[in-house]
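All heavy atoms count here, side chains included; hydrogens, waters and symmetry mates do not.
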Amino acid sequence: MIVVAGEALIDLVPSPQTSLPPSPDGGSPTPGGPLPALLPRRGGGPYNTAVALGRLGSPAAFCSRISTDAFGEALLAGLRAGGVDTSLVQRGSEPTTLAVADVSPDGSAGYGFYADGTADRLFALPPTLPAAVRALSLGTCSLVLEPGASAYESLLRRQAGRGIFTALDPNIRPGLIPDPDAYRARFRSWLPDVALLKLSEEDALWLAGAGEAPGGAVGGGRDAVLTAAKEWLAAGPAAIVLTHGGDGLTVLTPGGGELTVPGERVTVVDTIGAGDTVNAALLHRLDAHDALSRTAVAALGTEDWHDILRFAARAAAVTCSRAGAEPPFAAEVAA
């Protein structure tokens with residue numbers, strides 16, 4: 001079983017059928033016109049990862065704290081529909097976190113969060129995980145927002161200490177991080193307990209602080225990303241996977257191993273949930289290679305990694321081809 005721990009929330013995504021009307025002269029949209037409708041979608045990086053694992057056929061469980069409100073019930077229903085075990089889900093009467101998505105013309109998405117006093121932030125460290133657990137995946141807002149962040153961090157360290165394969169996707173949301181330097185230091189402190197680190201180029205640049213400008217923006221390029229990733233690799237992970245959007249994925253392994261595969265060409269509706277799908281696809285395919293351990297990852301060859309990364313690229317492409325975080329089922333990514 002693979003346990004995914006972290007937040008479950010509701011994404012409010014602009015409806016593609018509604019848009020601001022143009023101005024009478026045909027120019028920019030009329031400011032006073034109707035606003036686009038926002039459609040509620042189940043989301044949250046860890047939640048999406050758990051659902052994706054279930055759809056791919058991996059035995060998966062979700063470990064979180066979910067509201068008892070209507071959104072919370074819908075989130076639980078989505079997990080069950082995906083075949084995900086919910087026995088590790090804690091419940092609370094606080095409201096569900098909301099994330100308002102701003103989808104750009106190229107399909108990329110930014111988010112504004114409404115997370116004060118919400119249920120997922122009050123997650124408590126479970127006394128134990130089931131004996132069948134072989135891997136633990138964490139990331140995104142859950143490792144930022146206290147007091148739950150400290151509980152998730154404790155879970156990471158405890159399970160790593162017990163020999164469980166651990167995966168981390170920081171999935172940076174800068175607007176939620178009041179002290180970037182403190183978070184970067186905390187991130188580096190996790191690395192000895194992380195077996196698989198997966199992150200986007202943008203997140204790697206942010207975490208490295210490469211070319212940081214006022215307002216938290218970062219500059220730099222792929223060389224800066226690779227330099228930072230190699231430093232992090234030396235701190236503990238057995239492998240680091242970097243995603244490059246439509247340009248594919250790269251894996252780095254100790255000893256200088258490096259392999260890049262191209263992305264799958266697809267008409268992009270939006271990129272919501274694409275990175276989360278990659279998380280699930282990597283874990284699912286590693287499991288297929290019987291490689292959910294540091295020793296087994298170290299033994300993977302170039303052909304193995306090529307298969308794993310290509311599978312992840314196919315899975316992410318399917319998610320990008322439809323609106324919202326809707327990861328693929330196994331039949332959609334069969335080779």
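Between the side chain of Thr243 and the backbone N or O of Leu249, no donor-acceptor pair lies under 3.5 Å. Formation of a donor-acceptor pair under 3.5 Å by the Thr166 side chain with backbone atoms of Asp193 is found in this model. At distances below 3.5 Å, not a single donor-acceptor pair connects side-chain atoms of Ser67 with backbone N or O atoms of Ala119. With Arg184 contributing its side chain and Trp206 its backbone, the two residues share a donor-acceptor pair below 3.5 Å. A donor-acceptor pair under 3.5 Å is absent between the side-chain atoms of Glu201 and the main chain of Leu205, judged by distance alone. No side-chain donor-acceptor contact under 3.5 Å links Thr271 to the backbone of Ala274. A donor-acceptor pair is defined here as one N or O able to donate and one able to accept, closer than 3.5 Å; no such pair exists between the side chain of Arg80 and the backbone of Leu75.
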Item checked: Criterion side chain to side chain contact (heavy atoms under 4.5 Å, CB included) on Ile66 and Phe123, from CA distance to verdict -> CA-CA 9 Å; Ile66 293 180; Phe123 172 79; over 6 Å; no
Item checked: Val4 vs Val84, side chain to side chain contact (heavy atoms under 4.5 Å, CB included): CA-CA, chis, key distance, verdict -> CA-CA 10 Å; Val4 185; Val84 178; over 6 Å; no
Notebook entry, point to check: Should Phe62 and Val51 be marked as a side chain to side chain contact (heavy atoms under 4.5 Å, CB included) after you check the CA-CA gap, both sets of side-chain angles, and the distance that decides it?
Noted result: CA-CA 9 Å; Phe62 190 54; Val51 170; over 6 Å; no
Check: Could you walk me through whether Glu264 and Arg310 pass the salt bridge (charged side-chain N to carboxylate O under 4.0 Å, His left out) check?
Finding: CA-CA 9 Å; Glu264 295 280 327; Arg310 291 291 292 162; 2.9 Å; yes
Next item on the list: Please lay out, stage by stage, how Trp305 and Thr302 fare under the test side chain to side chain contact (heavy atoms under 4.5 Å, CB included).
Entry: CA-CA 5 Å; Trp305 275 115; Thr302 299; over 6 Å; no
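For the pair Pro254 and Pro237, the tightest heavy-atom approach, listed with the atom from each and the gap, is CG-O, 4.1 Å. Residues Thr140 and Gly45 approach most closely at OG1-CA, 3.8 Å, considering heavy atoms. In terms of heavy atoms, Cys63 sits closest to Val3 at CB-CG1, 3.8 Å. The minimum heavy-atom distance linking Arg42 with Asn48 is given by the pair O-OD1, 3.9 Å. When all heavy atoms of Ala204 and Val225 are compared, the closest pair comes out as CB-CG1, 3.9 Å. The two residues Leu56 and Ala281 come nearest to each other via the heavy atoms CD1-CA, 4.0 Å.
Proximity of the aromatic rings of Tyr183 and Trp190 is defined here by a centroid distance below 6.0 angstrom, and this criterion is met.
Between Ile308 and Leu282, some side-chain heavy-atom pair lies under the 4.5 Å cut-off. Residues Leu286 and Leu196 have side chains in contact (heavy-atom distance under 4.5 Å, counting atoms from C-beta outward). Side-chain contact check for Arg285 versus Asp307: some heavy-atom pair is nearer than 4.5 Å. Residues Asp85 and Pro130 form no side-chain contact, since every pair of their non-hydrogen atoms from C-beta on lies 4.5 Å or further apart. Using a 4.5 Å cut-off on side-chain heavy atoms (C-beta onward), Pro170 and Leu143 make no contact. When side chains are defined from C-beta on, Glu7 does not count as touching Thr97, because their heavy atoms never get closer than 4.5 Å. Residues Leu136 and Leu155 have side chains in contact (heavy-atom distance under 4.5 Å, counting atoms from C-beta outward). A heavy-atom distance below 4.5 Å is found between the side chains of Phe311 and His284.
In this structure, CG on Asn171 lies 7.5 Å from SG on Cys141, to the nearest 0.5 angstrom. In this structure, OG1 on Thr253 lies 10.0 Å from CD1 on Ile240, to the nearest 0.5 angstrom. Here the CD1 atom belonging to Ile272 is positioned 10.0 Å from the SG atom belonging to Cys320, to the nearest 0.5 angstrom. Of the inter-residue distances, the one linking Asn279 atom CG with Ile2 atom CD1 reads 11.0 Å to the nearest 0.5 angstrom. Distance check: Leu199 CG to Asp169 CG gives 7.0 Å after rounding to the nearest 0.5 Å. To the nearest 0.5 angstrom, Leu76 atom CG is 7.5 Å from Tyr47 atom OH.
Salt-bridge annotation for Arg65 and Asp120: absent, with no side-chain N of the basic residue lying under 4.0 Å from a carboxylate O of the acidic one. Using a cutoff of 4.0 Å between basic side-chain nitrogens and carboxylate oxygens, Arg186 and Glu153 are scored as salt-bridged. Checked for salt-bridge contact, Asp287 and Arg134 meet the test: a charged N lies under 4.0 Å from a carboxylate O.
A 6.0 Å sphere centred on CG of Asp179 holds more than 12 heavy atoms belonging to other residues, nucleotides or ligands. Within 6.0 Å of CD in Glu303 there are 12 or fewer heavy atoms belonging to other residues, nucleotides or ligands. The environment of Phe113 atom CZ is dense: over 12 non-hydrogen atoms of other residues, nucleotides or ligands sit within 6.0 angstrom.
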Name the atoms and distances for all side-chain donor-acceptor pairs under 3.5 Å in residues 292-300, with sequence neighbours left out.
from, atom 1, to, atom 2, distance (Å)
Ser293, OG, Ala296, N, 3.0
Arg294, NH1, Gly236, O, 2.6
Arg294, NH2, Pro192, O, 3.3
Arg294, NH2, Val194, O, 3.0

Please set out all donor-acceptor pairs under 3.5 angstrom arising from side-chain atoms of residues 321-331, sequence neighbours excluded.
from, atom 1, to, atom 2, distance (Å)
Ser321, OG, Val318, O, 2.6
Arg322, NE, Glu326, O, 2.9
Arg322, NH1, Glu332, OE2, 2.8
Arg322, NH2, Glu326, O, 3.3
Arg322, NH2, Pro327, O, 3.1
Arg322, NH2, Glu332, OE1, 3.1
Glu326, OE1, Arg55, NH1, 3.2
Glu326, OE1, Arg55, NH2, 3.0

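Hydrophobic clustering of Ile, Leu, Val, Met, Phe, Trp and Tyr side chains at less than 4.5 Å, counting indirect connections, keeps Tyr152 apart from Leu122.
Inspection of the Thr227 and Glu231 side chains reveals no N or O donor paired with an N or O acceptor under 3.5 Å.
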